[in-house]
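Each remark here refers to the structure printed beneath this line.
Values reported hereafter were calculated over all heavy atoms of this structure, with side chains retained and with hydrogens, waters and symmetry mates removed.
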Amino acid sequence: MILLGAALLASPAAGQTGGTAIPTTTISQTISLGTATPGGGFPLYGNAFAEVMNAADPQLSIAPRNTRGSNENIPLLEKGELDLALVAGEPAYEAFAGIGRAPVRLKILTAIYSNPGMFVVRADSPYRTIRDLVGQPVAFGAKGSGLPILARYVLDGLGLKQDEDFRAVYLDRAGDGPAMVEDGRVAALWGAGIGWPGFAAVASSAAGARFIAPSAEEITRIRARHAFLKPLTVPAGSYPKQTEPIASLGSWSFVLTREDLPDDVAYRLAKTLHGVEATLCRKLAQACETNAANTVAAAPKAELIHSGVMKYLREIGVVK
């Protein structure tokens, strides 16, 4: 089990809130950060997050760790075997709501980025709509990641079943998907987000890429059945040769914390992160959405944000 030790040191240098000194935290052990399988968006983001945070605060030692993704990260957090973990919006939604399990008592450190979901196919393929892909082999993402769950909700909103209406393929490694599209083993790869590595790889290939997202009418149908999914847009230029914005829908991914992460540690992490938002954006395009305002807007309920984070958000005026 990875433990995180903290000692509270009251000091004149600490900030003030209502006349009460904000404790300065000495972090004595590594903070573990669960990501996902190599080749996906979570390891890319997690490595950038840790590098920027550690550089900004010498007391921080955030160590990214590859896992099988969201569905493994949640129980690892619950058991205290991770301090922080990246979790996609749909697994987070189900865990907080207690869908298929008891509700989790984990907390949100920050929203990281939105996840508009869509398919990518070779530019020379005959497939142009989601219905065109019915009956075809489709890679829905890595086992244990949140991507197959997002796909399941999207397809269910269209009256389709992921494992019955498609020849569903689940990957051992997220990075395996692009090559399968390129060599024809699958007709399409499902993914989500802006700057997602799988989409970037297919779009950069010799064959090029075409993206398939729900139509406006399909988005309306999906949201009528699953209102927690939000309309989102992939801006033009998010991927090579993508000249037009792509309308889709999805949710926000989060950095979640174990239930008993101390308030002072969460406060320090939130304060450090707020100070490096611009640096993180320059480091990684998808991280440009990681900011305090988006965390408040994306959280399903305010009480799901860690109390130490909320204390800092109130201090900077993002939360009243």
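Judged purely by atom type and a 3.5 angstrom limit, Tyr239 uses its side chain to pair as donor or acceptor with the backbone of Gly195. No donor-acceptor distance shorter than 3.5 angstrom exists from the side chain of Asn115 to the backbone of Trp252, with no hydrogens or angles considered. Side-chain atoms of Thr67 come within 3.5 Å of backbone N or O of Thr35 as a donor-acceptor pair. In this structure, the side chain of Thr272 does not engage the main chain of Leu269 through any donor-acceptor pair within 3.5 Å. Checked by atom type and distance alone, the side chain of Ser248 never pairs as donor or acceptor with a backbone atom of Leu232 at under 3.5 Å. Side chain of Ser70 to main chain of Ala88: a donor-acceptor pair is present (N/O by atom type, distance under 3.5 Å, no hydrogens or angles). For the pair Asn47 (side chain) and Pro43 (backbone), a donor-acceptor distance under 3.5 Å is present. In this structure a side-chain-to-backbone donor-acceptor pair under 3.5 Å is present from Gln242 to Glu244. Judged by distance alone, with hydrogens and angles left aside, the side-chain atoms of Trp190 form no donor-acceptor pair with the main-chain N or O of Val138 at under 3.5 Å. Under a 3.5 Å cut-off, the side chain of His306 and the backbone N or O of Leu261 do form a donor-acceptor pair.
For Lys311 and Tyr267, the positive end sits near the middle of the six-membered ring, less than 6.0 Å away and at most 45° from its axis.
A donor and an acceptor atom, one from each side chain of Thr290 and Tyr45, are located under 3.5 Å apart. Checked by atom type, the side-chain pair Asp83/Ser32 shows a donor-acceptor distance below 3.5 Å.
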Open item on the list: Assess the residue pair Tyr127 and Phe119 against the criterion (ring pair (Phe, Tyr, Trp, His ring centres under 6.0 Å)); give the C-alpha distance rounded to whole Å, side-chain angles, the decisive distance to 0.1 Å, and a yes or no.
Closed with: CA-CA 10 Å; Tyr127 312 111; Phe119 296 94; over 10 Å; no

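Both Val186 and Leu155 belong to a single network of hydrophobic side chains, linked directly or stepwise wherever heavy atoms of I, L, V, M, F, W or Y lie under 4.5 Å apart.
Scored by the side chain to side chain contact (heavy atoms under 4.5 Å, CB included) test, Val296 finds Leu313, Val318, Val319 as partners (sequence neighbours excluded). Residues satisfying the side chain to side chain contact (heavy atoms under 4.5 Å, CB included) criterion with Arg105, sequence neighbours excluded, are Glu259. For Ala293, the side chain to side chain contact (heavy atoms under 4.5 Å, CB included) partners are Asn291, not counting sequence neighbours.
Ring geometry for Phe199 versus Trp196: interplanar angle over 60°, hence perpendicular rather than tilted (30 to 60°). Ring geometry, Tyr153 versus Tyr93: the interplanar angle exceeds 60°, so the pair is classed perpendicular (tilted spans 30 to 60°).
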Would you tabulate the side-chain donor-acceptor contacts of residues 167-181 under 3.5 Å, counting partners in other chains and residues two or more places apart, or write 'none'?
from, atom 1, to, atom 2, distance (Å)
Tyr170, OH, Gln162, NE2, 2.8
Tyr170, OH, Asp163, OD1, 2.5
Asp172, OD1, Lys143, NZ, 3.0

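A pairwise comparison of heavy atoms in Ala266 and Leu109 identifies O-CD1, 4.1 Å as the closest pair. Here the closest heavy-atom approach between residue Glu182 and residue Ala201 is recorded as OE2-O, 4.1 Å.
Electrostatic pairing of Arg101 and Glu78 counts as a salt bridge here, judged by a charged N lying under 4.0 Å from a carboxylate O.
Residue pairs meeting the salt bridge (charged side-chain N to carboxylate O under 4.0 Å, His left out) criterion with at least one partner in residues 146-158, sequence neighbours excluded, are Glu94-Arg152, Asp156-Arg225. Residue pairs satisfying the salt bridge (charged side-chain N to carboxylate O under 4.0 Å, His left out) criterion with at least one member in residues 279-296, sequence neighbours excluded, are listed as follows: Glu51-Lys283.
We find the OG1-NZ distance between Thr243 and Lys241 to be 11.5 Å, quoted to the nearest 0.5 Å. Atom CZ of residue Arg268 and atom NZ of residue Lys271 lie 8.5 Å apart, to the nearest 0.5 angstrom. Glu90 CD to Leu150 CG: the interatomic distance, rounded to the nearest 0.5 Å, is 4.0 Å.
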